[in-house]
Protein chains: 2
Amino acid sequence: MLAEVALELFRRDGFDKVTINDIAAAAGVSRSTVLRYFGTKEDAVLGAFDAHGEQVAGALRARPSGEDDWTALRYALDIVVDIYRQDSEAALATTRLVLATPALHTRQWEKQHSWRPALAQALAERGASPRPEITHTVRAAAALDCLNIAIAHWARSDNTLNLDDLLDEAFAALRQ
Amino acid sequence: MLAEVALELFRRDGFDKVTINDIAAAAGVSRSTVLRYFGTKEDAVLGAFDAHGEQVAGALRARPSGEDDWTALRYALDIVVDIYRQDSEAALATTRLVLATPALHTRQWEKQHSWRPALAQALAERGASPRPEITHTVRAAAALDCLNIAIAHWARSDNTLNLDDLLDEAFAALRQ
DNA sequence: GGCGACTTGAAACTCGGTGTCACGTTAGCG
DNA sequence: CGCTAACGTGACACCGAGTTTCAAGTCGCC
């Protein structure tokens with residue numbers, strides 16, 4: 001409820017123009033309540049985003065152990081693709097808002113960045129032969145870049161391009 | 001001068017504990033002057049960082065056109081490696097501060113993120129056959145990840161590991 | 001001397017975020 | 001039924017970053 005009110009204001013006036021007081025007034029609650037709900041203004045938009053990290057790490061751990069790192073990462077990210085496909089209208093609007101707002105873009109990166117150790121850890125556990133930590137970290141980071149870049153292209157195409165295909169294309173760019 | 005004063009305070013007390021007023025008082029200037037110099041508190045640390053982006057893009061454009069994208073990116077990043085090697089003591093201290101301070105870490109990513117289009121553009125200009133934009137963007141992003149991850153490992157090793165080798169190792173992780 | 005550009009300082013202001021306290025509601029329990 | 005503890009909410013004070021505006025200096029230059 002609160003998040004919907006905030007999102008509507010953000011989309012109408014732009015994230016930076018809307019103050020927390022505006023959100024509180026529009027929702028009929030106090031500023032304190034808004035802050036208590038979201039912690040930060042950015043989290044009014046990106047709150048749902050938090051769960052994805054653990055989901056992807058879980059999906060990665062569930063991949064067959066013989067599988068190639070890149071393949072496993074690609075399939076694990078299908079979790080996110082599915083979420084976007086499930087309500088593509090809302091995802092598109094939110095993504096556009098994020099891409100248009102540096103503060104949101106940055107905050108989203110911060111959240112995703114915190115997934116990285118878990119993904120690298122999951123890759124390390126999968127590997128038969130031990131590899132240097134740097135290897136897993138780089139692969140996790142690159143996979144997340146692929147996701148972000150694919151999503152950005154998808155949003156810019158107004159959902160005319162297929163997110164799955166874009167993600168495949170992004171991963172393909174890594175393998176020469 | 002101002003930057004040195006700020007850095008010393010940050011390293012001594014932590015970035016978040018030091019206010020702009022503290023910096024102003026320590027440097028014997030007014031708060032206004034500090035803000036006018038740096039724009040933001042983060043830029044008191046990351047100001048020198050801005051130039052690197054154009055340097056890397058320039059180095060990338062200067063690579064022979066027949067060269068592999070990954071090889072070209074790797075060599076272009078030597079510009080940054082050289083800067084770090086030139087004054088490894090200062091670079092180490094600054095890197096540690098950045099890694100220990102979320103606000104700085106984030107701001108550094110923002111700056112590096114703004115390099116990405118230039119790097120992707122440089123890759124596009126190098127390519128003989130035209131490739132989808134997403135390919136160049138992914139490769140530029142992955143290369144920057146390699147740089148960051150290598151630098152982080154190098155800083156955590158207290159300069160006992162070689163940054164060049166770590167960067168090679170990071171790039172190697174991308175090619176299976 | 002006077003003019004204009006640049007630098008600095010001062011102060012007021014906006015806004016995000018933290019912390020505290022008081023008030024009401026509700027649930028649990030004797 | 002009444003007591004209490006927990007919780008959600010609002011009000012308020014506070015801090016610090018960043019913006020803006022205005023009022024001096026300070027310098028070179030004509």
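All figures in this text were calculated on a predicted structure; none of them were measured in a lab. Numbers restart at 1 for each chain; the letters A, B, ... are given by sequence-line order, proteins then strands.
When each of Gly28(A) and Ile20(B) is assigned the nucleotide of DNA chain D with its nearest heavy atom, Gly28(A) is the one assigned upstream, toward the 5' end. The residue among Arg36(A) and Leu35(B) whose nearest nucleotide of DNA chain D is located toward the 5' end is Arg36(A). Nearest-nucleotide mapping onto DNA chain C: of Tyr37(B) and Asn21(A), the residue sitting toward the 5' end is Tyr37(B).
Between Glu54(B) and Arg61(B) there is a salt bridge, since at least one side-chain N of the basic residue sits less than 4.0 Å from a carboxylate O of the acidic one. Between Arg74(A) and Asp68(A) there is no salt bridge, since none of the side-chain N atoms of the basic residue sits less than 4.0 Å from a carboxylate O of the acidic one.
Ring planes of Tyr84(A) and His52(A): perpendicular class, angle over 60° (limits at 30 and 60°). By the 30° and 60° cut-offs, the orientation of the rings of Trp109(B) relative to Trp109(A) is parallel.
When all heavy atoms are compared, the tightest approach of Ala44(B) to Ala6(B) is CB-CB, 4.1 Å. Between Arg96(B) and Ala155(B), the closest heavy-atom pair is NH1-O, 4.2 Å.
The residue from Asp22(B), Val5(B), Ile20(B), Asn21(B) that alone fulfils the side chain to side chain contact (heavy atoms under 4.5 Å, CB included) condition with Val34(B) is Ile20(B).
Listed by residue number, there are no residues of residues 2-17 of chain B with a heavy-atom contact under 4.0 Å to DNA chain C.
No continuous path of hydrophobic side-chain contacts links Tyr75(B) to Val81(B) [ILVMFWY only; heavy atoms under 4.5 Å].
You can see that DNA chain C meets the heavy atoms of chain A within a 4.0 Å-exclusive cut from dC15(C) to dT18(C), reading 5' to 3'. In the 5' to 3' direction, nucleotides of DNA chain D lying under 4.0 Å from heavy atoms of chain B begin and end at dG16(D) to dT19(D).
Using a 4.0 Å heavy-atom criterion, one finds that Ser32(A) contacts the bases of the nucleic acid, with or without backbone contacts as well. Counting any heavy atom pair closer than 4.0 Å across all strands shown, Thr33(A) reaches sugar-phosphate atoms only and no base atom.
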### Message
Under the criterion salt bridge (Lys or Arg N to Asp or Glu O under 4.0 Å), I'd like the reasoning laid out for Asp69(B) against Arg131(B): C-alpha separation, chi angles, the key distance, then a yes or no.
### Response
CA-CA 12 Å; Asp69(B) 272 3; Arg131(B) 290 178 170 280; 5.2 Å; no
